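In what follows, a structure is listed as structure tokens, so that the remarks can point back to it.
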Protein chains: 2
Amino acid sequence: MNQPGESLRDRKKRRTRAALERATVRLAAERGYDHVTVEEIAAEADVSVRTFFNYFASKDEALIGADPEAGPRMAERILAFPGTTTPFEAYRSSVLAEITEELDNARDLWLLRKEVLMQRPDLLVRAFANSAESEQLLADAVGRRAGLPRSHVYPRLLVAAGSAAFRCAVTRWASDDSVALGELVSEALDLFGTGLAHAPRHHEGGS
Amino acid sequence: MNQPGESLRDRKKRRTRAALERATVRLAAERGYDHVTVEEIAAEADVSVRTFFNYFASKDEALIGADPEAGPRMAERILAFPGTTTPFEAYRSSVLAEITEELDNARDLWLLRKEVLMQRPDLLVRAFANSAESEQLLADAVGRRAGLPRSHVYPRLLVAAGSAAFRCAVTRWASDDSVALGELVSEALDLFGTGLAHAPRHHEGGS
DNA sequence: GATCGTTTTGCAGTCACTGCAACTTTGCAG
DNA sequence: CTGCAAAGTTGCAGTGACTGCAAAACGATC
């Protein structure tokens, strides 16, 4: 029994991971992030505390549900775009695709996360702290597409801008979710694309 | 004895704070950030552990030496620029002024911090997590200058870009400090200003 | 069903961080 | 100088995140 598809073992692992993520978000939304202990989360997911830490390096990580495959996946997508696409566009599309997919898979989780992040915006920043490797991966992909030497700022800056765009978008979305999260990220990235030197004019109904 | 200048109390507080910051950075650079306990830091600075936490909310914060007055100071500077200055320029200058000043006051500390951040880049990200208030302050200042409603993305995005620029600059500076940190931040901010849509061309010796 | 690799678990330990209640120091006024 | 209030320091006891290790349970394989 070893179809490249998924063994029983793999399935169990995925379920456990999902259960822990889900329990963390649910409980945190219900009672507030720091009125929930890892012990309670583990109990809710029906595993030991030690197992929690086998899956997530920290409580923070579990709340955001950091997917270790997201980085590689996006990097691959960036490189897969046809050569005519600019690095910026490739990165932009890649980010948006990831977000759309994630929201399709777990919209309910994100609605709960929203509640938590409204109370504790710092958790979003902290979440990105652990993803330095992924950032490096993405930066390398962008750098390769742009034909730039590894030491160049541009790729790193673009990726950092992506994080910033995402953070801002989530924050905005948390306080008013009448616009889709993907839209907000897209809007923020566009601003980074065209440059921040000139502040947008204010007209009624504008964003 | 109460010149608005500084009382004995204030002077002592400043000295203690500086001693703790200094001890944290020095020890972390020497033995590695997580081979240093708060207990050791406190001992080095000749105060109790409890006092350490009266000054800094976390070990992370002490390492970066988060100055609680930096936010307000920069916000003030932004608003003080003549009305002809664009919000972007006001923000940019304000950030650069702060960095230059900080480096003039404590260049040696930053050289040690560099060592630590090279090993643990995540600490830089974490450091910004605690400065959500300051970011809000700056964003408000930018927003006022730009005459935008509080809900607009632009101010928040610009400030987030500033953090990103700073992070990238420090990272680069850590791996090669032949260029001044201020220069690197300036360069990164310029890229954000003119837009990331088009990747820069690569020519030898270029940055 | 014996065996091997993987995952789960418990346990003991370390360390960051907090609230509280005493104690010390500083600033000021009589 | 003395006494008093406010601010700052300290110790202590406690909570909870996180780690390493070694044993047990489990899944895959033959």
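The sequence lines fix the lettering, A, B, ..., with proteins before strands; numbering per chain opens at 1. Since we're looking at a predicted model, the values are computed, not measured. What's counted below: heavy atoms across the whole structure, side chains too, no hydrogens, waters or symmetry copies.
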Worksheet item: Within this structure, what is the CG-to-C1' distance between Asp60(A) and dC18(D), rounded to whole angstrom?
Response: 12 Å
Worksheet item: Toward the 5' end of DNA chain C, which comes first, Tyr55(A) or Phe53(B), by nearest nucleotide?
Response: Tyr55(A)
Discussion item. Please report the distance, rounded to the nearest Å, between OH in Tyr33(A) and C1' in dC17(C).
Written reply: 15 Å
Worksheet item: Taking OP1 and OP2 of dT8(C), is either one under 4.0 Å from a side-chain nitrogen or oxygen of Ser48(A)?
Response: no
Worksheet item: How long is the line joining CD of Glu40(A) and P of dT15(D), in whole Å?
Response: 14 Å
Discussion item. How many whole angstroms separate atom CZ of Arg14(A) from atom P of dG27(D)?
Written reply: 17 Å
Item to complete: Take the angle between the ring planes of Tyr154(B) and His152(B) and call it parallel below 30°, perpendicular above 60°, tilted in between.
Response: perpendicular
Worksheet item: In terms of the angle between their ring planes, are Phe192(A) and Phe192(B) parallel, tilted or perpendicular, with boundaries placed at 30° and 60°?
Response: tilted
Worksheet item: Charged N to carboxylate O below 4.0 Å: is that the case for Lys12(A) and Glu6(A)?
Response: no
Worksheet item: Considering only side-chain heavy atoms of Lys13(A), which listed nucleotide, dT7(C), dT8(C), dA28(D), is closest?
Response: dT7(C)
Worksheet item: Below 4.0 angstrom, N of the basic side chain to O of the carboxylate: do Arg26(A) and Glu44(A) qualify?
Response: yes
Item to complete: Would you mind telling me which of dT8(C), dA17(D), dG19(C) lies closest to the side-chain atoms of Val38(A)?
Response: dA17(D)
Discussion item. Please tell me if Lys12(B) has a side-chain N or O lying less than 4.0 Å from either OP1 or OP2 of dG8(D).
Written reply: no
Worksheet item: If you check the Thr37(A) side chain, which of dT9(C), dG11(D), dA17(D) turns out closest?
Response: dA17(D)
Worksheet entry | Nucleotide paired to dC28(C) in any strand shown, Watson-Crick or G-U, under 3.5 Å | dG3(D)
Discussion item. Classify Val47(A) by what it touches in the nucleic acid, base, sugar-phosphate, or nothing, heavy-atom distance under 4.0 Å.
Written reply: sugar-phosphate
Worksheet, complete the sentence: Nearest-nucleotide check on DNA chain D, Arg50(B) vs Arg126(B); residue mapping nearer the 5' end is Arg50(B)
Fill in: Proximity to the side chain of Asn54(A) - top-ranked nucleotide from dT19(D), dA28(D), dT9(C)
dT9(C)
Worksheet item: Nearest-Å distance, CG (Leu8(A)) to P (dT6(C))?
Response: 16 Å
